[in-house]
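Input: a single structure, listed below in structure tokens.
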Amino acid sequence: MEAIGRARRLTSMMLNSMLVVAWLMVVAMSAASLAEGVTTWPLLVPAVLAGIAFSWFFLRITGAAIEHRYATREVVAAGALAVVAAALGGADPMGWGVLPVAWLSVAVLGVSKRQAQLVGLATFVVCGALSVLGILTGRSLFSVGGGSLWSSIAVSCLVYAIWCLAMPGSNRMWAWIWRLANEAHEGREAHARLAVAEERLRFARDLHDLVGHQLSAIAVKAELAVRLAEAGPARSEMTEVNALTRQALRELRQAVRGYRELDLSAELGSVRGVLEAAGVRCELNLPYRDLPEGLAPVFAYAVREAVTNVLKHSTATYCGITLRFTQEEAELVVRNDGVARRQAADLGSGLTGMGERLAAVGGKLTARPTGDGQFVLNAVVSLPIRG
């Protein structure tokens, strides 16, 4: 958790660093503009107020990007304020004109590459127009240089072109790195939950097989001793031993049942996290009603084994999990678009064991490719569950 927290803080700092750079350039160029008489306080004060409001929206945009959201209203408001501040300040590409460029650096977070290119082009057009207007009206430092009017306009537009080409890619790269780090962290947590659940199952199985077997043997022998013993203290003591042993056996089975029965909802959440962390899109189609009694643990095992095979034995990019049931039967379908590498007839020990588990409760399992590049696992259980 500490590592992902550091990654979050670092990403936030890098996304917000453009705002700090922009204000440093604005302050320096504003001081120079006042000294040259290019700008005046009546224009500078509203520009500063617009810049402050822009900064507030800028921080909200980066905060939303960290949360993997796109703050549309904040992006629109910040863009308008950046244009107003740039127009009032003279739109120098090294001064107030940096605010629209800073806006561009965060407006492209969470959009497609094509959209980012269009936003960058629109920003260049607006900034270029404001810069030309500032030079023509004498409110830009480029207008007081020694060069000609056309050379000033050309240099200003060239600087804006460099800004608009460089800024989007930089912050989009940091957002992409943050998304990868977050997905890796979520995947590791999901794997850890699955590992804990597997260990619980192993512990429950060993406890039931070893201790449960011994308690059963003790109970049988104690009952035999009661029958063989004549009336007296020994018979009453053995009767009590028999009762205590059977009570301990019942309590052990109740405890083991709690460990061995998987929670279907938790299992679905875990496998979805693991799949998406591995780059596999997961869709869940679940009934709105609660599953019949005893069905959830059975299907939880099947879901785990099916997803394990998707991760280990396929090149899937999609996995769909569907649950449905009627009064007569319940069905689980796990479909993915990566055909297993091994032969369809060879289901592997995991799926073979799952087929045996389903057969024990009156169900059946099939797992095979469909011929169109997909692999489907189908588990059907007759209701009510027997046993």
Without placing hydrogens or testing angles, list every side-chain donor-acceptor pair under 3.5 Å for residues 69-87, not counting sequence neighbours.
| from | atom 1 | to | atom 2 | distance (Å) |
| --- | --- | --- | --- | --- |
| Tyr70 | OH | Ala107 | O | 2.7 |
| Glu74 | OE2 | Arg60 | NE | 3.3 |
| Glu74 | OE2 | Arg60 | NH2 | 3.1 |

Enclosure of Met173 CE (heavy-atom neighbours >12, cutoff 6.0 Å)
yes
Distance-only polar pair, side chains of Trp96 and Ser33, donor-acceptor under 3.5 Å:
no
Shared hydrophobic cluster, Ile61 / Ile66 (ILVMFWY, side-chain heavy atoms < 4.5 Å):
yes
Nearest 0.5 Å please: distance from the CG atom of Leu19 over to the CG atom of Leu24.
9.5 Å
When rounded to the nearest 0.5 angstrom, what distance separates OG1 in Thr123 from OH in Tyr160?
11.0 Å
For the CZ atom of Arg304 and the CG atom of Leu268, what is their distance to the nearest 0.5 Å?
11.5 Å
Kindly compute the distance separating CE (Met18) from CG (Asn171), expressed to the nearest 0.5 Å.
8.5 Å
Any donor-acceptor pair under 3.5 Å from Arg172 side chain to Val111 backbone:
yes
Whether the side chain of Asp337 engages the backbone of Thr317 through a donor-acceptor N/O pair (distance < 3.5 Å, no angle test) should be reported.
yes
List the residues meeting side-chain hydrogen bond (donor to acceptor under 3.5 Å, both in side chains) with Thr11, not counting sequence neighbours, and say none if there are none.
none
Short side-chain to backbone donor-acceptor contact, Thr62 and Leu59, under 3.5 Å
yes
